[in-house]
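Down below is the structure, laid out as structure tokens.
Just so it is clear: chains get the letters A, B, ... in the order the sequence lines come, proteins before strands, and each one is counted from 1. Any value given below was found using the heavy atoms of this structure, including those in side chains, with hydrogens, waters and symmetry copies removed.
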Amino acid sequence: MAELSEQEQIRRNSLAELKKLGINPYPAPLYEVNAKSAEILEQYPQDNTLFQNVSIAGRIMSRRIMGAASFVELQDSYGRIQLYIKRDEICPGEDKTLYNTVFKRLLDIGDIIGVTGYVFVTQMGETSIHVKSLTVLSKSLRPLPIVKEKDGVVYDAFSDPELRYRQRYVDLIVNPQVRETFVQRAKIVNEMRNYFNEQGYLEVDTPVLQSIPGGAAARPFVTHHNALDIDLYLRIANELYLKRLIVGGFAGVYEFSRNFRNEGMDRTHNPEFTAMEIYVPYKDYNWMMTFTENMLERIAKALHGDTKVNVWGNEIDFKPPFRRAPMCQLIKEETGVDVAPMTEDELREACKSLGVETDATMGKGKLIDAIFGEKCEGKLIQPTFVTDYPIEMSPLCKRHRDNPELTERFELFVCGKELANAYSELNDPIDQLGRFQEQLRLSEKGDDEAMFIDMDFVRALEYGMPPTSGMGIGIDRLVMMMTGAQSIQDVLLFPQMKPEKKAAVTTDEDFVKQGVPAEWVPVLRKAGINTLSQLKEANPNKLLNDLGGLRKKMKLDIPAVKKEEIESWMNG
RNA sequence: GUCUUGGUAGCUCAGCUGGUAGAGCAAUUGACUCUUAAUCAAUGGGUCCAGGGUUCGAAUCCCUGCCAGGACACCA
């Protein structure tokens, strides 16, 4: 096991010693716990008759040993509390092994223990547990990053993003704000679920494996089902399935949907992400705006006790009503250009004069959207419903009641980023089929984002779907805003990473196969020979000298090696 | 996809125009019965991401690759 670091080796030795002392480092029985660290710290100062017989378990995060008494910081799922461990308290008899050997020598930072005792306040004024008994619950074999903190300043923070995301378990142990982010994420989702359920909407599950990846325009992941011998796609959206359920007659359906898109990754995109979509019959997008702003107000209050939330340096107020403005109006405000009456050629001209890049495949709608994206999006800091999008951008959305070139669609922008998207859903099956066919024409023209045609969905609409409004919201992005996270990786427990590649390591066995006696392998490594190719290219005379020197230096009780032996290793 | 920054001890990081690898914390051994970034003394710990090149000599300079971060582009 030469690959183990010194500290890992020491911990394994401690593990063996614990076993020798008859202590099971991984005991089977449950450990009865009757207190939480946070509760003790909160309640004991109010009433010091409480917690006089506590049992608590957690991980050792630091130790301050002062001879026959010690202080330990114990971390449970709720926070940290200090333990006061006195030798003669946990070892009342003659035998002081539990304190002197087990606690002081064989336990380490990172180990999980359970203790019983009573709560008191130290001379320094810190609420602590005076320990009467101590039980080893799990021995940790790897050293934890040591993060220290004083007066709110964190020293030696565990901050390497690669390690934090690859080994999230370590991140969660040493960085308490990480755990808090995910508690808040759960709170946001629960709050939404309650809001929907209270109004009688039904949570449903729809297929993740779809034979037609519909409901959005994005590159899907493809997989194969062997028994059916067909390709299937991981869903890019669940919209078309939820609308089928509205056809089926539900009074409102929603789903928290893990979606998958085979596209680029960056600070706001992960290949798998969570969207919430909800569809309510007999409503329109105006109703949905009110519904959405009330939902966000509720979430903000649940999390922060206030509608005002600091998001990336801006104070955002989620107090309804949010501003509502048509896209063309916002463009006019920002640029002075009225794009509404323009022809495609005029729009192209307008883009040029505004410095917005275009290409030949873009139609009217895409040109308007390009101007909006370039000039307006970033300016929408306070929550704003942008309404009435051009029709070619929105193949699943109903035409605007006053203008057939527009759709009854809104997107909600906060801090310059799109947060939610909603329609008065298109329920005219003939119009829907025509729009799908238009998408197909676009895709034949080379637009690889255009949608597939889902004929079963059209058939469902032909049976009749009530007028319906639907809304989708990116949960990861919402959590980022509500928690102030800078990167989507900070709101996903296990963000996507390239697999770790182990550097090609020559193992001890490889050296032995090469003819090197096992006892010489560590010496060889000490001499800087870590791979077979290094061994083959080494100078035998120098190696003979080095090994001889190291043999003396390391006081090895093995016979000196001869030059012929070294040469035989080198030649295999 | 392009550009850019980085990868050195368990963690956080130094390491200058090339000359045998350093600190703090952590670890080990010892001292210490209310400490709290505990303190004091001593000790050990490295494939300097990998592979090539230049050189008498490379953590350091050059090239290629891998991984990560950032920016841009692309992205209903």
Looking for any heavy atom pair under 4.0 Å, which part of the strands does [X] touch: base, sugar-phosphate only, or nothing?
| X | result |
| --- | --- |
| A:Arg87 | nothing |
| A:Gln7 | base |
| A:Leu144 | nothing |

Select one nucleotide: of [options], the one nearest the side-chain heavy atoms of [X].
| X | options | value |
| --- | --- | --- |
| A:Ile65 | B:rC32, B:rU29, B:rU28 | B:rC32 |
| A:Asp156 | B:rA68, B:rA27, B:rG24 | B:rG24 |
| A:Pro145 | B:rC13, B:rC11, B:rG44 | B:rC11 |
| A:Glu6 | B:rG45, B:rC34, B:rG69 | B:rG45 |
| A:Gln123 | B:rC75, B:rU35, B:rC13 | B:rU35 |
| A:Ala217 | B:rG69, B:rC67, B:rA76 | B:rA76 |
| A:Met66 | B:rA38, B:rG69, B:rA26 | B:rA38 |
| A:Tyr84 | B:rA68, B:rC34, B:rA76 | B:rC34 |
| A:Asp266 | B:rA76, B:rA68, B:rA73 | B:rA73 |
| A:Ser128 | B:rA68, B:rA37, B:rU35 | B:rU35 |

Presence of donor-acceptor pair under 3.5 Å, side chain of A:Ser159 and base of B:rU12: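 For A:Ser159, whose side chain was compared with the base of B:rU12, there is no donor-acceptor pair (under 3.5 Å).
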Kindly say whether, by distance alone, the side chain of A:Arg11 makes a donor-acceptor pair under 3.5 Å with the base of B:rA27?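 No pair found.
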Measure the distance between the ring centre of A:Tyr155 and the centre of the six-membered base ring of B:rA37, then answer whether it is under 5.5 Å with planes under 30°.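 So yes, this residue stacks on that base, both cut-offs being met.
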Quick test of your reading of the model: are A:Arg235 and A:Glu255 salt-bridged, counting only N-O distances below 4.0 Å?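 Yes, A:Arg235 and A:Glu255 are salt-bridged.
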Would you mind checking if A:Glu425 and A:Lys398 are paired as a salt bridge, meaning a charged N to carboxylate O distance below 4.0 Å?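 Result for this pair is no, no salt bridge flagged.
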Atom [atom1], compared across [N] and [M]: separation rounded to whole Å:
| N | M | atom1 | result |
| --- | --- | --- | --- |
| B:rA23 | B:rG44 | C1' | 16 Å |
| B:rU8 | B:rA14 | P | 11 Å |
| B:rC72 | B:rA26 | C1' | 41 Å |
| B:rA42 | B:rC13 | C1' | 25 Å |
| B:rA9 | B:rG46 | C1' | 6 Å |
| B:rG10 | B:rA50 | P | 14 Å |
| B:rC48 | B:rC40 | C1' | 32 Å |
| B:rG52 | B:rC66 | C1' | 15 Å |

Heavy atoms from other residues, nucleotides or ligands near [atom1] of [X] exceed 12 (cutoff 6.0 Å):
| X | atom1 | value |
| --- | --- | --- |
| A:Lys417 | NZ | no |
| A:Arg64 | CZ | yes |
| A:Glu405 | CD | no |

Looking at [N], I'd like to know if its phosphate oxygens (OP1 or OP2) sit under 4.0 Å from a side-chain N or O belonging to [X].
| X | N | result |
| --- | --- | --- |
| A:Arg166 | B:rA68 | yes |
| A:Lys148 | B:rU36 | no |
| A:Lys498 | B:rC67 | yes |
| A:Arg105 | B:rU29 | yes |
| A:Arg64 | B:rA38 | yes |
| A:Arg267 | B:rA71 | yes |

How many Å lie between [atom1] on [X] and [atom2] on [N], as a whole number?
| X | N | atom1 | atom2 | answer |
| --- | --- | --- | --- | --- |
| A:Asp160 | B:rG70 | CG | P | 12 Å |
| A:Glu374 | B:rA73 | CD | P | 8 Å |
| A:Asn270 | B:rA68 | CG | C1' | 15 Å |
| A:Met61 | B:rA26 | CE | P | 13 Å |
| A:Leu83 | B:rU33 | CG | C1' | 16 Å |
| A:Arg63 | B:rU36 | CZ | C1' | 15 Å |
| A:Phe158 | B:rG24 | CZ | P | 23 Å |
| A:Glu8 | B:rG46 | CD | P | 13 Å |

Base paired to [N] (Watson-Crick or G-U; both N/O distances under 3.5 angstrom):
| N | value |
| --- | --- |
| B:rG70 | B:rC3 |
| B:rG44 | none |
| B:rU54 | none |

Identified side-chain contact (heavy atoms from CB on, under 4.5 Å) counterpart of A:Val115 within the set A:Val72, A:Leu83, A:Ile90, A:Ile81: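 Running side-chain contact (heavy atoms from CB on, under 4.5 Å) over A:Val72, A:Leu83, A:Ile90, A:Ile81 with A:Val115 returns exactly one hit, A:Leu83.
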Given A:Asp111, which of A:Lys139, A:Arg142, A:Arg59 fulfils the salt bridge (Lys or Arg N to Asp or Glu O under 4.0 Å) condition?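 The single option meeting the salt bridge (Lys or Arg N to Asp or Glu O under 4.0 Å) with A:Asp111 is A:Lys139.
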Taking the side chain as every heavy atom from C-beta outward, state whether A:Cys397 and A:Leu426 have any pair of such atoms under 4.5 Å apart.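 With C-beta onward as the side chain, the pair stays apart.
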For A:Gln82 and A:Ser128, does a side-chain donor sit closer than 3.5 Å to a side-chain acceptor?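 Result is yes, a qualifying pair exists.
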